[in-house]
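Data block below; observations after.
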Number of protein chains: 2
Amino acid sequence: MSHTLGIRQAQKQKTRQAFLDAALALLEEQSLSSLGLREVTRAVGVAPTAFYRHFRSTADLGVALVDEALGSLHPMVRTTVSTTGDSEERIWRAIELIARHVDAYPAHVRFIARERHGGVQPVREAIRAQLVRFAEEVKTELAKDPEAAGWSDDDLLMLAHLYVDQMLITASLFLEALEAPAEERERVTQLATRQLRLITIGRGHWLD
Amino acid sequence: MSHTLGIRQAQKQKTRQAFLDAALALLEEQSLSSLGLREVTRAVGVAPTAFYRHFRSTADLGVALVDEALGSLHPMVRTTVSTTGDSEERIWRAIELIARHVDAYPAHVRFIARERHGGVQPVREAIRAQLVRFAEEVKTELAKDPEAAGWSDDDLLMLAHLYVDQMLITASLFLEALEAPAEERERVTQLATRQLRLITIGRGHWLD
DNA sequence: AATTCCAGAGAACAGTTGTTAACTGATGAC
DNA sequence: GTCATCAGTTAACAACTGTTCTCTGGAATT
């Protein structure tokens, strides 16, 4: 089924990935709106003009980064809000999953948190669209739970957005605590756990 | 009590304010990390070197903007979570207050949302410090409520941070809906109201 | 084997950037 | 009234930016 790419296309994708990686590294200490095209090509080790073979602009590269950073996250979302286990167990599992994701892809998390409200409109729009998709997936997952009986579609989506935003806040907190001592990371875990617990309690009494 | 500033100091403060205003306007469509010193002086109508009479760098200017944008917000916070009225009324009042603030100071709100996770470390740090102060104020305000009886200090602070983050999320949503039809703004109001209501419910059953 | 394609290189462009130094002239202190 | 202060100016600097056009050499197609 899968067609082996020609040498040419393979090399091109390799260079493209090098652009994405270099950009992500450079964005650790600046925003996308100040990322220069020459800066990226210099980091990759190619001529400035090579950039145009892959992207129209740095904004275009940013949109590609959004896909890389969030596209692979969709499968994980289903696991995060899966319905197995009691609520306390589910909360702990969700937080743990977030913490591990931040450990594994800190640059991705930083990029999304930074550019969600950043200075480049197309990138903001791309992130927004993906987060809306996330919320919709969370919503359908929530709907499967017996606890969701009697909930309106609007209320389910409202709760889903609350979960997604809370997920991002928590991820950002873990990111800030990345190089901090384990004690600080534990503090974040405790905070996030209790916030999620409070939301879960509110969810349980929503229909009262 | 107040000393009338000399002509010199008055003029200097006037120019300084012009810098802040011009920067805030320029930051509507870019991030601070890409804001150039010359760009700002050009907008103000002054020589590039005049910049150094007021700020060491654009990062320094950013920190000043944080103070302007968040410093004046502290009195408002107390009103937002004040204990008068029933909970439904308090929720409505808080959302209304946020909506009005976004209408009055959209550029300030945009700046804070953008630079909270932005590419300039000192500015991020300044915002973080102010938000921690906010959370502490909210916490002492929450502690006054009879509903807070039996709550630990940690739990109160946890809830306070939840409120502060939720406040920022809501403000950001109103900002995106600024130029949208009234229908969209109403949708945001409904969403924010119900999210805050769910948190309030969770708060009410926290000690169960 | 001959030909087309195309990722990347090279050079040059006008325009921008932050920062330095030495200046001007009104204001403030005495 | 004299002199020091200091907000803002002017000129110049090397370094950098995005974008254009032309070229090259190996892969793909025929």
Side-chain angles (χ1 to χ4, degrees), chain A residues 2-23 25-65 115 118-123, chain B residues 2-23 25-65 115 118-123:
Chain A
S2 74
H3 184 11
T4 336
L5 262 51
I7 294 180
R8 219 179 204 171
Q9 299 248 342
Q11 181 52 245
K12 181 171 184 181
Q13 287 213 353
K14 210 171 182 176
T15 316
R16 188 190 136 99
Q17 190 59 47
F19 273 126
L20 294 176
D21 293 346
L26 290 168
L27 286 172
E28 207 134 331
E29 42 199 18
Q30 64 181 315
S31 306
L32 181 63
S33 90
S34 64
L35 183 71
L37 165 168
R38 294 184 101 108
E39 201 180 349
V40 183
T41 58
R42 199 183 311 126
V44 172
V46 295
T49 47
F51 186 88
Y52 293 105
R53 298 287 177 196
H54 301 269
F55 310 99
R56 290 174 199 275
S57 61
T58 51
D60 194 22
L61 186 157
V63 172
L65 276 177
E115 301 303 331
V120 183
Q121 200 259 340
V123 172
Chain B
S2 74
H3 184 11
T4 334
L5 261 53
I7 294 181
R8 220 178 204 171
Q9 298 244 344
Q11 183 53 244
K12 180 169 184 182
Q13 287 212 353
K14 210 170 181 177
T15 314
R16 187 190 137 99
Q17 190 59 47
F19 274 126
L20 294 176
D21 293 345
L26 290 167
L27 286 172
E28 207 133 333
E29 42 200 17
Q30 65 181 313
S31 306
L32 181 64
S33 91
S34 65
L35 184 70
L37 166 167
R38 295 184 100 107
E39 203 180 348
V40 183
T41 57
R42 200 183 310 126
V44 172
V46 91
T49 46
F51 185 90
Y52 293 106
R53 298 287 176 196
H54 301 270
F55 310 99
R56 290 175 199 273
S57 61
T58 51
D60 193 23
L61 186 156
V63 172
L65 275 177
E115 301 304 330
V120 183
Q121 201 258 341
V123 172

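In what follows, chains carry the letters A, B, and so on, assigned in the order in which the sequence lines appear, proteins first and then strands, with residues in each chain numbered from 1.
- For DNA chain C, the contact window with chain A, defined by any atom under 4.0 Å from a protein heavy atom, covers C:dC5 to C:dA12 in 5' to 3' order.
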Which atom pairs, one a donor and one an acceptor, fall under 3.5 Å between side chains of residues 46-57 of chain A and the rest of the protein, sequence neighbours left out?
residue : atom : partner : partner atom : Å
A:S57   : OG   : A:A59   : N            : 3.4
A:S57   : OG   : A:D60   : N            : 3.3

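- Legend: salt bridge (charged side-chain N to carboxylate O under 4.0 Å, His left out) pairs involving residues 26-41 of chain B, not counting sequence neighbours, sorted by first then second residue: B:E28-B:R110.
- Taking CD from A:Q17 and CG from A:D21, the interatomic distance works out to 4.5 Å, rounded to the nearest 0.5 Å.
- In this structure, CG in A:L35 is found 5.0 Å from CG in A:L27, a value given to the nearest 0.5 Å.
- Residue B:F19 holds its CZ atom at 8.0 Å from CG of B:L37, rounded to the nearest 0.5 Å.
- Taking a pair as Watson-Crick or G-U wobble with both distances under 3.5 Å, the runs of three or more consecutive pairs in DNA chain C are C:1-12 with D:19-30, C:14-17 with D:14-17, C:19-30 with D:1-12.
- Residues forming a side-chain hydrogen bond (donor to acceptor under 3.5 Å, both in side chains) with B:S34 (at least two apart in sequence, or on another chain): A:S33, B:Q30.
- Nearest approach of B:V123 to B:V63, heavy atoms of both residues: CG2-N, 3.8 Å.
- Contacts between residues 51-64 of chain B and DNA chain D, counted as heavy-atom distances below 4.0 Å, involve B:R53, B:H54.
- Within residues 8-22 of chain B, the residues having any heavy atom closer than 4.0 Å to DNA chain C are, in order of number, B:R8.
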(message) Quick one, B:Q11 with B:K14, criterion side chain to side chain contact (heavy atoms under 4.5 Å, CB included). Give me CA distance, side-chain angles, the key distance, then yes/no.
(response) CA-CA 5 Å; B:Q11 183 53 244; B:K14 210 170 181 177; 4.1 Å; yes
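- Scanning both residues, B:A23 and B:L65, for their nearest heavy atoms gives CB-CD1, 4.2 Å.
- Side-chain atoms of A:E115 come within 3.5 Å of backbone N or O of A:L32 as a donor-acceptor pair.
- A:T49 contributes no side-chain N or O that forms a donor-acceptor pair with the base of D:dT19 under 3.5 Å.
- Scanning residues 35-45 of chain B for heavy-atom distances under 4.0 Å to DNA chain D yields B:R38.
- Among residues two or more places apart in sequence or in another chain, the side-chain contact (heavy atoms from CB on, under 4.5 Å) test is passed with B:A25 by none.
- We find that CD of A:Q30 is positioned 15 Å from P of D:dC16, with the value rounded to whole Å.
- Looking at every heavy atom in both residues, A:L26 comes nearest to A:A43 through CD1-CB, 4.1 Å.
- Judged by distance alone, the side chain of A:S31 and the main-chain N or O of B:G118 form no donor-acceptor pair under 3.5 Å.
- Listed by chain and residue number, B:L5 satisfy the side-chain contact (heavy atoms from CB on, under 4.5 Å) test with B:Q9 (two or more places apart in sequence, or in another chain).
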